[in-house]
Amino acid sequence: MSKSYRHGQILKLIRAGPIFTQEELARELKKQEIQTTQVTLSRDIRELRLVKTREGYAEMQAEEAGPQFRILATEFLLDVRAAQNLVVLRTAPGHANSVAVALDGEEWPDIVCTVAGDDTILVIAPDSITATRIRSKLLALLKT
C-alpha cells in the first residue's frame, strides 16, 4: 500500500466515525488489509495533522483556506448539467481546477469525487438521483 492510499483510508475512517486510539485505528486499517506499525501510524497521524478530541481523532482546521466555493462558483460557473450519475460543470477557461478544489474542500457527502480539466469539471455521484440533487444544489447556489 502506498503512503497516500493509507493516508486516504485513515482520513476516511476518522470521518466515518469516532476512533479514540491508535490501536483502534490499526485494527480498522487491518480490516481493510492495510498493515502498519505503531511508529508508522504515529507518523501518519502527525503528517495528517490529526488531533485527539473527546469525540476521537479529528482533523485540525486548515490554517490558510483558499477562496470559498460559493464565491468561485458564482464568478466562474457557466453551466451545470446532469448525465446519469455525473454532473458536468462548465467554467470560464482556466478556472475549472480552482473551482474543483474549492468544491472538494466543501466535502459534500453526496460527491464521490471530482475531475477537473481546463474549463470542465466532472462531478461523480453514486447514482443518478444524487447527481440530480447535486445539480439542483449547485443551481440554487448560483441563484443566491
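Worth saying up front: this structure is predicted, and the values here are computed from it rather than measured.
- The distance from the CG atom of L48 to the CZ atom of R6 is 9.0 Å, given to the nearest 0.5 Å.
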Problem set entry | Candidate pair I124 and T114, rule side chain to side chain contact (heavy atoms under 4.5 Å, CB included), full reasoning | CA-CA 6 Å; I124 302 172; T114 61; over 6 Å; no
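- Side-chain polar atoms of D44 and H7 form a donor-acceptor pair below 3.5 angstrom.
- Atom-to-atom distance recorded for L25:CG and Y57:OH is 7.0 Å, nearest 0.5 angstrom.
- Between A82 and A131, the shortest heavy-atom contact is CB-O, 4.4 Å.
- Here the CZ atom belonging to R135 is positioned 13.5 Å from the OG atom belonging to S128, to the nearest 0.5 angstrom.
- Exactly one residue among V115, V88, L89 makes a side-chain contact (heavy atoms from CB on, under 4.5 Å) with T120. That residue is V88.
- Checked by atom type and distance alone, the side chain of N85 pairs as donor or acceptor with a backbone atom of A125 at under 3.5 Å.
- Side-chain atoms of S136 come within 3.5 Å of backbone atoms of T132 as a donor-acceptor pair (strictly under, hydrogens ignored).
- Note that the NZ atom of K12 and the CD atom of Q32 stand 6.0 Å from one another [nearest 0.5 Å].
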For this session: I would like to know whether V80 and V87 meet side chain to side chain contact (heavy atoms under 4.5 Å, CB included); could you show each step before the answer?
Result: CA-CA 7 Å; V80 181; V87 182; 3.8 Å; yes
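- Heavy-atom neighbours of E107 CD from other residues, nucleotides or ligands within 6.0 Å: above the threshold of 12.
- Clustering ILVMFWY residues whenever any of their side-chain heavy atoms sit less than 4.5 angstrom apart, transitively, puts Y5 in the very cluster that holds L11.
- Contact between E24 and P18 at its shortest, heavy atoms only, is OE2-O, 3.5 Å.
- With rounding to the nearest 0.5 Å, the separation of CZ in R81 from CG in D79 is 4.5 Å.
- There is no path of hydrophobic side-chain contacts, each under 4.5 Å, that joins L103 to V112.
- Here E106 does not pair with R70 in a salt bridge; the nearest charged N to carboxylate O distance is not below 4.0 Å.
- Note on ring orientation: taking the six-membered ring where Trp is involved, the planes of H95 and F76 are parallel (angle under 30°, cut-offs 30° and 60°).
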For this session: Determine, stepwise, if the pair E59 / R15 fulfils side chain to side chain contact (heavy atoms under 4.5 Å, CB included).
Result: CA-CA 9 Å; E59 297 172 81; R15 290 171 182 160; 2.8 Å; yes
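- Hydrophobic clustering places W108 together with V99 (ILVMFWY residues linked when any side-chain heavy atoms are closer than 4.5 Å, directly or through intermediates).
- For CD1 of I129, the number of neighbouring non-hydrogen atoms (other residues, nucleotides, ligands) closer than 6.0 Å is 12 at most.
- Placement of L139 and V123 within a single hydrophobic cluster is found when ILVMFWY residues are connected by side-chain heavy-atom separations under 4.5 Å, directly or transitively.
- With no hydrogens or angles considered, no side-chain donor-acceptor pair links D119 and T91 at under 3.5 Å.
- Salt bridge status for K31 with E28: present, with a side-chain N to carboxylate O gap under 4.0 Å.
- Here the straight-line distance linking atom CZ of F69 with atom CG of L72 works out to 8.0 Å at 0.5 Å rounding.
- Both I34 and L41 are assigned to one and the same hydrophobic cluster, defined by single-linkage of ILVMFWY side chains at heavy-atom distances under 4.5 Å.
- Proximity of Q38 to E23: side-chain heavy atoms (C-beta onward) are nowhere separated by under 4.5 Å.
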For this session: Begin with the C-alpha distance, continue with both residues' side-chain angles, and end with the deciding distance and a verdict on side chain to side chain contact (heavy atoms under 4.5 Å, CB included) for F20 and E55.
Result: CA-CA 7 Å; F20 295 97; E55 292 82 30; 5.5 Å; no
